Amino acid sequence: MAKAQINPGRARWLEVLGVSMPLCLSYIPIGLACGILLHAAGFNFIMILIVSIVVFSGGAQFILASLLTINAPLSSIFLTLFFLELRYALLGSSLSKYIKSESQHFVWLFAVSMNDENYAINYLKFATDKKWTPKDALMVEHYSLISWSVANMVGGLIGSAISINLEVVDFALTALFLYMIVMQVQSHLTLLISILSAVLAVVFMVLTKSIIGVIIATLIASFVGFLIENTVRRRSKHPESNWFLTKLFRPKITRTTVEDQQERRQLAEVKKQLEAQEQSQDK
């Protein structure tokens with residue numbers, strides 16, 4: 001008896017869905033929590049849907065809920081979200097070489113539906129899979145957007161049926177960003193800048209008595225980090241072995257990146273070529 005095949009015609013949209021499925025499933029719990037918190041902050045069902053599509057950023061939406069619960073001024077909310085989301089300019093630039101031949105409409109659609117997680121999947125696929133196309137990457141973004149929006153809406157419906165303590169918003173936000181910091185600290189420099197930014201945030205929030213202090217601390221710490229890294233790379237003969245840029249000890253799965261793997265393969269190929277030349281010379 002022949003076995004039924006899930007994708008007999010190898011439909012591309014199903015293959016891309018299979019790649020995106022772990023990400024889509026991971027959005028369910030955090031998306032539900034985000035929807036509940038947004039509802040607690042005063043958003044109705046429709047507004048939660050609009051925010052999840054327009055913003056499409058867990059960190060930004062958690063911050064939005066947190067700032068609204070403390071009645072932060074609109075200017076502080078706008079500036080905080082602006083600087084938080086500014087990182088997408090850097091993320092998008094690293095993918096621009098893969099979609100530069102596409103139309104302006106495609107690039108715009110790709111940009112507005114990109115976030116940290118689908119960027120990671122697309123960057124990995126572009127770097128390791130020669131058959132991966134910009135259309136595949138756009139499908140990944142749309143699958144993740146649908147999953148996130150649906151989870152947010154369901155969370156909003158759950159939030160309308162239950163009552164929660166708004167202090168949970170601050171706890172969830174703190175836990176989220178602690179996780180993000182831990183995953184991004186990979187070198188001594190990033191660790192030092194993280195500590196510096198935390199100290200500066202406390203100082204400037206005390207001085208300004210406003211969330212603007214966090215923005216000021218972020219800009220200063222980012223500038224100091226850039227200045228140190230730029231100075232080290234210009235003046236050090238071996239910048240990658242400099243203490244500031246060397247990597248911290250981390251679990252193996254988080255230490256090896258795509259760039260590391262490519263560098264190792266290139267070194268292995270060079271080594272083979274040198275060995276082949278030596279053998280030919282000996283003969």
Side-chain angles (χ1 to χ4, degrees), residues 6 11-70 77 80-82 84-85 87-88 91-92 95 108-125 135-184:
I6 297 177
R12 189 60 178 173
W13 69 271
L14 277 177
E15 293 184 13
V16 177
L17 179 60
V19 174
S20 310
M21 189 54 65
L23 172 60
C24 295
L25 294 176
S26 69
Y27 274 160
I28 295 176
I30 192 68
L32 291 174
C34 187
I36 293 173
L37 295 178
L38 285 173
H39 181 271
F43 285 80
N44 58 29
F45 179 80
I46 301 300
M47 288 300 297
I48 290 176
L49 174 61
I50 294 174
V51 169
S52 64
I53 294 175
V54 174
V55 180
F56 190 28
S57 172
Q61 290 175 227
F62 274 101
I63 281 185
L64 181 61
S66 177
L67 295 178
L68 288 174
T69 55
I70 62 175
I77 296 176
T80 302
L81 296 184
F82 173 78
L84 176 67
E85 302 301 281
R87 70 188 185 278
Y88 288 124
L91 298 181
L95 291 180
W108 178 85
L109 194 60
F110 187 90
V112 298
S113 53
M114 184 182 71
N115 72 350
D116 300 270
E117 293 78 22
N118 59 44
Y119 160 82
I121 291 178
N122 284 327
Y123 183 80
L124 179 63
K125 294 297 290 184
K135 291 183 179 180
D136 296 334
L138 186 62
M139 277 194 285
V140 169
E141 293 187 348
H142 287 172
Y143 288 142
S144 60
L145 176 59
I146 292 172
S147 176
W148 175 256
S149 301
V150 170
N152 273 229
M153 288 190 297
V154 174
L157 293 175
I158 295 175
S160 63
I162 62 175
S163 60
I164 63 172
N165 189 344
L166 292 182
E167 292 180 358
V168 177
V169 178
D170 293 329
F171 172 78
L173 186 66
T174 302
L176 174 66
F177 277 89
L178 282 176
Y179 170 78
M180 293 174 64
I181 290 173
V182 170
M183 294 305 296
Q184 291 181 15

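Bear in mind that the values here come from a model prediction, so they are computed numbers and not experimental data.
To the nearest 0.5 Å, atoms CG (L64) and CZ (F43) are separated by 4.5 Å. Rounding to the nearest 0.5 Å places CE of M139 at 9.5 Å from CG of L14. Note: K135 NZ to R12 CZ = 12.0 Å, rounded to the nearest 0.5 Å. Atom CG of D136 is separated from atom CH2 of W13 by 13.5 Å, given to the nearest 0.5 angstrom. Annotation: the span from I36 atom CD1 to S160 atom OG amounts to 9.5 Å, rounded to 0.5 Å. Taking CG of L95 as the start and OH of Y119 as the end, the distance is 5.5 Å to the nearest 0.5 Å.
Counting heavy atoms from C-beta outward, L109 and H142 have side chains that approach closer than 4.5 Å. Looking only at side-chain heavy atoms (C-beta outward), Q61 and L37 stay at 4.5 Å or farther from each other. A 4.5 Å side-chain heavy-atom check between Y88 and N115 finds at least one atom pair inside the cut-off. Looking only at side-chain heavy atoms (C-beta outward), M114 and L91 come within less than 4.5 Å of each other.
Scanning both residues, L23 and S144, for their nearest heavy atoms gives CD2-CB, 3.8 Å. When all heavy atoms of Y27 and A151 are compared, the closest pair comes out as O-CB, 3.9 Å. In plain terms, the two heavy atoms of I48 and N152 that are nearest each other are CG2-O, 3.5 Å. Contact record, L145 with I53: CD1-CA, 4.0 Å, taken as the closest heavy-atom pair. Residues R87 and S57 come closest through the heavy atom pair NH2-OG, 3.8 Å. Between A60 and E85, the closest heavy-atom pair is CB-OE2, 3.5 Å.
Put simply, the side chain of N118 gets close to the backbone of S113: a donor and an acceptor are under 3.5 Å apart. The main-chain N or O of L49 is found under 3.5 Å from a side-chain atom of S52 such that the two form a donor-acceptor pair.
Side-chain contact of E117 with W148: a donor-acceptor pair under 3.5 Å is absent, judged by distance alone.
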Let me see the working for E141 and N122 under side-chain contact (heavy atoms from CB on, under 4.5 Å), right down to the final yes or no. CA-CA 9 Å; E141 293 187 348; N122 284 327; 3.9 Å; yes

